[in-house]
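Within every chain, numbering begins at 1; the chains are lettered A, B, ... in the order of the sequence lines, protein sequences first and strands thereafter.
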Amino acid sequence: MTIHEALLGVDGKVFKGAALTDVAAAARRKVGQDVVVCGDDIMLNQQAARAIENQVGPAVIHGGHVRAGPYALPHWQQKTPPPTGHCFFETDKRKAFDQP
Amino acid sequence: MKYFTPQLYAESNDLDDSRVMAAMKKWDVGLARYRAHLKRIERHLPPSLREFMSSICLHDAEVIGPVVTRHPMVPGHHEVVFVTCNQMPIDGSPKGQVVFLRYLVVNQPIQDRPLDAKVFATHPHPVLWLYEELDVIKPGLFLQEILLSDGRVVRIEFKDFSYHVATPLPLSNGSAKRRLASTGKTLSNR
């Protein structure tokens, strides 16, 4: 499992950037920037994303939205933003993209 | 709500990770079923609503409303209005986009809180638009239900729909006069 800076693209695509520690990921989230947790174990990814987001404040998980795009990833986010932004995580079927 | 219910939303946010995962699987099933439902009803929806559905995602948008006002063009009718501003779009659209939604209604919308759960935020925090569902009640009469972040489900029966998208004005560059590109009118600094 790895944690990365994240950038959003069209159709819900999440592009992964530089690798982060969980401390750095939480710091990034505190300033409203997106993060993505990557790996093949969806439970681990989900737990890591929740842990990162809970370091920022009370968090909620959001499943897919019909208009988010076919590549959208589930995510944890703040229950009452700010900070805005999301901590996405990969599933077995949906993955982040490498930055072009 | 049939697919994105307050109950399922609360289950997804359980403290137990295995329950979270189970609920997320149910969520994915519901999402697939709702997509199929939308495909079936799409051609029966007003063109403005079809256009809106293909271009705007309000998930996580801050919401003002619903508010009710007399319809400016249809005597004896009312419209329900929402104003939304999305500071955290997930579909790649620009941050801060403001969308005005207007529903030509036949009845007063119904708002209730079917589930009292800790996952729902209480005031005074901004209310966010979470999920919405559309349906056709009968030809020419439509239903939208909206789950908001404070646990409210808003149910709107409507005959027509319109929306407008606005973007925040950039800071002035300090020039003496500014021109509105779309209208050709000039605003003078005072």
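- Ranked by heavy-atom pairs shorter than 4.5 Å toward chain A, the options B:Ser55, B:Ala32, B:Pro126 are led by B:Ser55.
- By number of non-hydrogen pairs under 4.5 angstrom with chain A, the leading residue of B:Ser18, B:Ala23, B:Ser149, B:Ser54 is B:Ser54.
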Any chance you could lay out the side chain to side chain contact (heavy atoms under 4.5 Å, CB included) test for A:Met43 and B:Val20, step after step, and finish with the verdict? CA-CA 9 Å; A:Met43 173 69 95; B:Val20 170; over 6 Å; no
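- Using a 4.5 Å cut-off between heavy atoms, B:Asp150 does not touch chain A at all.
- Interface residue B:Phe120: only backbone heavy atoms are found under 4.5 Å from chain A.
- Proximity of A:Arg94 to B:Asp28: side-chain heavy atoms (C-beta onward) are separated by under 4.5 Å at one or more points.
- A:Lys79 and B:Val119 get closest at one heavy-atom pair: CE-O, 3.4 Å.
- Smallest separation of non-hydrogen atoms from B:Pro89 and A:His86: O-CE1, 4.3 Å.
- Note that CE of B:Met21 and CD of A:Gln47 are 8.5 Å apart. Values are rounded to the nearest 0.5 Å.
- With a 4.5 Å cut-off on non-hydrogen atoms, B:Tyr131 touches chain A through its backbone and its side chain both.
- Heavy atoms of B:Leu31 lying under 4.5 Å from chain A belong exclusively to its side chain.
- Both B:Tyr103 and B:Met1 are part of a single hydrophobic cluster, where members link through side-chain heavy atoms under 4.5 Å apart.
- If you tally non-hydrogen atom pairs under 4.5 Å between each of B:Leu8, B:Leu38, B:Leu128, B:Ile56 and chain A, the highest count goes to B:Ile56.
- Few gaps surround OH on B:Tyr163; more than 12 heavy atoms of other groups in view lie less than 6.0 Å from it.
- Other residues, nucleotides and ligands contribute more than 12 heavy atoms inside 6.0 Å of the CD atom of A:Gln99.
- Heavy-atom contacts from other residues, nucleotides or ligands closer than 6.0 Å to CZ of B:Arg19 number 12 or fewer.
- Using a cut-off of 4.0 Å between Lys/Arg side-chain N and Asp/Glu carboxylate O, A:Arg50 and B:Asp17 are scored as salt-bridged.
- There is no path of hydrophobic side-chain contacts, each under 4.5 Å, that joins B:Leu49 to B:Phe100.
- Between B:Tyr9 and A:His62, the gap from one ring centroid to the other is short of 6.0 Å.
- Counting heavy-atom neighbours within 6.0 Å of B:Asp116 CG, excluding the residue itself, gives a total of 12 or less.
- Shown here for A:Pro81 and B:Met88, the closest heavy-atom pair between the two residues is CG-SD, 3.8 Å.
- Connection of B:Met53 to B:Phe158 is established within a shared hydrophobic cluster, with ILVMFWY side chains joined at heavy-atom distances below 4.5 Å, either directly or through further cluster members.
- Residues B:Asp60 and A:His65 bring no donor and acceptor atom of their side chains to less than 3.5 Å of each other.
- The backbone N or O of B:Leu58 lies less than 3.5 Å from no partner atom in the side chain of A:Arg67, so there is not a single donor-acceptor pair.
- B:Gln87 has its side chain out of reach of A:Pro82: every pair of non-hydrogen atoms, C-beta onward, lies at least 4.5 Å apart.
- Atom CG of A:Asp40 is surrounded by 12 or fewer heavy atoms from other residues, nucleotides or ligands within 6.0 Å.
- No single ILVMFWY cluster, assembled from side-chain heavy atoms under 4.5 Å apart, contains both B:Leu104 and B:Leu143.
- Between chain B and the options A:Gly64, A:Gly69, A:Ala68, the largest number of non-hydrogen pairs under 4.5 Å is found for A:Gly64.
- B:Val98 and B:Ile90 fall into different hydrophobic clusters, where Ile, Leu, Val, Met, Phe, Trp and Tyr side chains are chained together by heavy-atom contacts under 4.5 Å.
- Under the 4.0 Å criterion applied to side-chain N and carboxylate O atoms, A:Lys13 and B:Asp91 are not assigned as salt-bridge partners.
- The shortest non-hydrogen separation linking B:Ser12 to A:Ile61 is O-CG2, 3.0 Å.
- Chain B forms more heavy-atom pairs under 4.5 Å with one residue of A:Leu7, A:Val14, A:Val66, A:Asp34 than with any other, namely A:Val66.
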